[in-house]
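Structure, as structure tokens:
In what follows, every chain begins at residue 1, and chains take the letters A, B, ... in the order their sequences are listed.
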Amino acid sequence: MPTKLEVKKVFNKGIYTENPVLIQVVGICSALAVTNRMMNSLIMGIALTFVTAFTSLTVSTLKSHTPKHIRMMIQVLIISSYVIIVDIFLKAYMPEMSAALGPYVGLIITNCIIMGRAEGFALSNAPTISFLDGIGVGVGYTIVLMAISLVRELFGFGTIFNIAIMPEGFTSWTFMVMPPSAFFILACITWFANNQIIKKNKEGVEKK
Amino acid sequence: MIDIHPVVIFIAAIFTSNMIFSNFLGMCSFIAVSKEIPTAIGLGIAVTVVLTFTTILNYFVYWYILDPLGLEYLMYIVFILVIAAYVQLLEMILERYLPNLYYALGIFLPLITVNCAILGVSLFMVTRQYNFSQTIGFAVGSGMGWLLAITAMAGIRSKLSNNEIPEGLRGTPITLIITGIMALAFIGFSGMVQIQ
């Protein structure tokens, strides 16, 4: 069993110091596509967290039984199986959400976050900690998605989680609903994150 | 939706519903490999070729095998396997018969398996219920749209490398901002044809 300190470290890494979207710049296809509504982003984040966590768990459990040269293929198969579960679940219990996300649910398979975690972490660590690592990374991804969609939904529709926030007579910004806005907002967030890193590095140098 | 001429779909896939600017597909490699023009063109051509053939293969697999048997839910797993197998096969054929091209494209081929644009086009083909000729128009158009986008991006970035950019903006953020501006420019085409 992983100790408390290890768990804390893994979550801190996934959410903050190695945030998949901001620091490693992986998995941004879906991060941009589903962020026009907060609800979509939340569901997408949960789906990705589920798939990453369970893929890491499975890959880590099976790691001593998988031959090295076909491991990529096996990982892809494991990921697609979990994505199919998510897809069927969404179709059965949340048909509107499934229609809104459309092919982007299937595109979780090619999201580099999952493959990256399986390859980079789960292959060399124990099952429990790999599972937690998957959850940590998934949460980090969800937070970024929520931040982007908060801005887009607030200005694009005047709502948050479909609840009207802006006063009556607020003219919604059509721009925020269109694809380019997603690029600009993500750019601003990564800019901010980069500045934080640069500042931290400078402080580190000064202390030395 | 179903009665659109394939040529219209082809044009629309390049300009109005460009894979990168309106569907955000293939962003990872778009950002990582758009630093120099020759490599960008190499990857763009490889993506176009693989995308065209895998989409056609997936068309037959879906409508002649999965759909009649009622196995639509296996779509994801089958599509990704078809793509992976095709890339592997292409790699072996190129290595055997066209070694020069293999060395030029070789490094890009494994990257393509996890390029979301390839799987994305196959999935859109199914959800939008294109017929065979529309599928070909859509696949070739999407590939060329992607090639156009990454080449333009590489051109801008190679100009940009001589300029002074604020430290925090270097790398990904500035690339995203340029992509956003390019996407805005592409919206100018949107009155021309519409497929979504």
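Using a 4.5 Å cut-off between heavy atoms, L32(A) touches chain B through backbone and side chain atoms alike. In this structure, the portion of Y104(A) lying under 4.5 Å from any heavy atom of chain B is its side chain and not its backbone. If you measure heavy-atom distances from L119(B) to chain A, the contacts under 4.5 Å come from both the backbone and the side chain. Proximity to chain A is absent for every atom of I178(B), based on heavy atoms less than 4.5 angstrom apart.
Among L107(A), V105(A), N194(A), the residue making the largest number of heavy-atom pairs under 4.5 Å with chain B is L107(A). Looking only at heavy-atom pairs under 4.5 Å with chain A, the residue among T127(B), V126(B), I118(B), I80(B) that has the most is I80(B). Residue with the most contacts toward chain B among D87(A), V83(A), L186(A): D87(A) (heavy-atom pairs, distance under 4.5 Å). Of the listed residues S80(A), S181(A), P180(A), A193(A), the one with more heavy-atom pairs under 4.5 angstrom with chain B than any other is P180(A).
G168(B) approaches N195(A) most closely through the heavy-atom pair CA-OD1, 3.5 Å. Minimum heavy-atom separation, N23(B) to A33(A): O-CB, 4.3 Å.
By the 6.0 Å contact criterion, CE on M39(A) is open, its count of non-hydrogen atoms from other residues, nucleotides or ligands being 12 or less. Enclosure of atom CZ in F53(B) is not indicated, since only 12 or fewer non-hydrogen atoms of other residues, nucleotides or ligands lie within 6.0 angstrom. Dense packing is recorded around CH2 of W63(B), with more than 12 heavy atoms of other residues, nucleotides or ligands lying under 6.0 Å away. Enclosure of atom CE in M153(B) by more than 12 non-hydrogen atoms of other residues, nucleotides or ligands within 6.0 angstrom is indicated. More than 12 heavy atoms of other residues, nucleotides or ligands lie within 6.0 Å of CZ in F161(A), so this atom counts as buried by the packing criterion. By the 6.0 Å contact criterion, NZ on K9(A) is open, its count of non-hydrogen atoms from other residues, nucleotides or ligands being 12 or less. In E72(B), the CD atom is crowded: over 12 heavy atoms of neighbouring residues, nucleotides or ligands sit closer than 6.0 Å.
The shortest side-chain heavy-atom distance between I77(B) and L77(A) falls under the 4.5 Å cut-off. Residues T175(B) and F183(A) have side chains not in contact (no heavy-atom distance under 4.5 Å, counting atoms from C-beta outward). The closest side-chain heavy-atom distance from L184(B) to F175(A) is below 4.5 Å. Using a 4.5 Å heavy-atom threshold, the side chains of T35(A) and F24(B) count as separate. I28(A) has its side chain within reach of I31(B): a pair of non-hydrogen atoms, C-beta onward, lies under 4.5 Å apart.
Taking CD1 from I109(A) and OH from Y76(B), the interatomic distance works out to 7.5 Å, rounded to the nearest 0.5 Å. We find the OG1-CG distance between T190(A) and L169(B) to be 8.0 Å, quoted to the nearest 0.5 Å.
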Trace of the side chain to side chain contact (heavy atoms under 4.5 Å, CB included) decision for I174(B) with W191(A): CA-CA 8 Å; I174(B) 194 76; W191(A) 183 10; over 6 Å; no

